[in-house]
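Before any comments, here is the structure.
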Amino acid sequence: MPQTSKWREKHILGLEYLSAAEITTILDLADEYRPAATDTSTKLDVLSGKTVLNFFMEPSTRTAISFGLAAGRCGATVVNFSKASSSTQKGETLIDTARNIEAMGVDVIVIRHSAAGAPQMLAKNTNCAIVNAGDGRHEHPTQGLLDLLTIRQAKGAIKGLKVAIVGDIANSRVARSNLWGLRKLGAEVTFIGPPTMLSKSMEQWGARVLYDFDECIGEFDVINMLRIQLERQTDAAIPSLREYSALFALTPERLTRTKDDCLVMHPGPINRGVELPSSVADCDRSAILPQVSNGVAVRMAVLTLVSRARDAQAN
Ligand code: CP
């Protein structure tokens with residue numbers, strides 16, 4: 001059984017700030033919730049009487065929908081709120097917005113924002129529990145957690161695995177959350193990409209940094225392909241998508257040179273034909289849709305734990 005009674009964190013701001021034991025508690029509770037997460041007829045009452053606000057200031061399909069489903073399947077009231085309908089468009093500050101939301105009786109704010117640190121700012125300035133759903137290039141902790149859960153299910157354990165994260169590392173909050181989570185649970189992480197998207201200085205974070213995918217492709221138990229984030233690139237970081245794909249796409253030919261049981265992952269949304277073609281995205285070794293399903297279970301666990309911690313701190 002998960003050790004949820006020892007959980008103390010009212011906010012999930014990043015995997016950098018959680019211990020291995022805390023990450024494992026979330027994964028264990030997510031495993032427990034998995035049947036309810038994918039059964040539309042089941043509704044738990046663990047968040048009965050609670051209100052969860054989904055506050056998305058950047059576009060999202062998977063994260064926004066799965067937080068909404070997760071909160072609903074735990075019995076919470078869910079309110080969805082996006083940039084287009086927010087009075088921040090009229091000049092209201094993020095802190096004022098959050099304080100007004102709190103004044104209406106919200107327990108948990110799930111926030112996605114283009115500014116790194118926006119969730120931390122809300123955590124300091126409201127009494128709501130705050131869950132980071134992706135802040136700039138900083139972290140996307142629930143994506144990191146659902147990736148860890150998917151790897152643990154496929155491989156049995158995370159300790160000792162060799163995991164490659166390939167692509168636009170510089171702009172990727174997914175890469176950072178995966179790095180912190182995987183290293184805390186004992187995996188070895190290699191970042192691979194072109195020098196314009198990957199700096200040797202990232203070795204200070206504990207990642208191996210390589211620029212040649214073909215040189216090392218046979219080493220890995222898991223290969224996680226990242227999306228090229230054109231929206232976060234100030235200057236073109238690659239000459240063309242075709243040249244990027246020639247060097248870094250997981251093609252069917254490259255797949256034949258991976259380990260026989262190498263798991264293929266991608267956080268989505270996929271640029272089909274850029275990071276990987278459909279024949280690889282949809283192959284037997286692809287965990288892309290299981291990742292999405294696990295997102296609901298992970299978010300059910302996260303919302304339950306932060307809400308309980310908030311209640312405990314209020315008493
Ligand atoms: N992986 C992910 O964060 O997808 P969305 O942007 O669709 O939420």
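When reading the values below, keep in mind they use all heavy atoms of this one structure, side chains included, and skip hydrogens, waters and symmetry mates. Atoms within each ligand, like the ligands themselves, are counted from 1 in listed order.
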Sequence-distant partners of E92, side-chain contact (heavy atoms from CB on, under 4.5 Å), two or more places apart: S87, D96, T97, N100
Is there a side-chain contact between N271 and R227, using heavy atoms and a 4.5 Å cut-off? yes
Would you mind telling me which of L303, T4, L47 makes a side-chain contact (heavy atoms from CB on, under 4.5 Å) with R308? T4
Just wondering, do P35 and D39 contact through their side chains at under 4.5 Å, heavy atoms? no
Can you name the residues that form a salt bridge (Lys or Arg N to Asp or Glu O under 4.0 Å) with R310, not counting sequence neighbours? D107
Share the residues that join V78 in a hydrophobic cluster, the rule being Ile, Leu, Val, Met, Phe, Trp or Tyr side chains under 4.5 Å apart at the heavy-atom level. none
Got the residues with a heavy atom under 4.0 Å of ligand 1, by chain and number? S60, T61, R62, T63, R112, H140, Q143, P267, G268
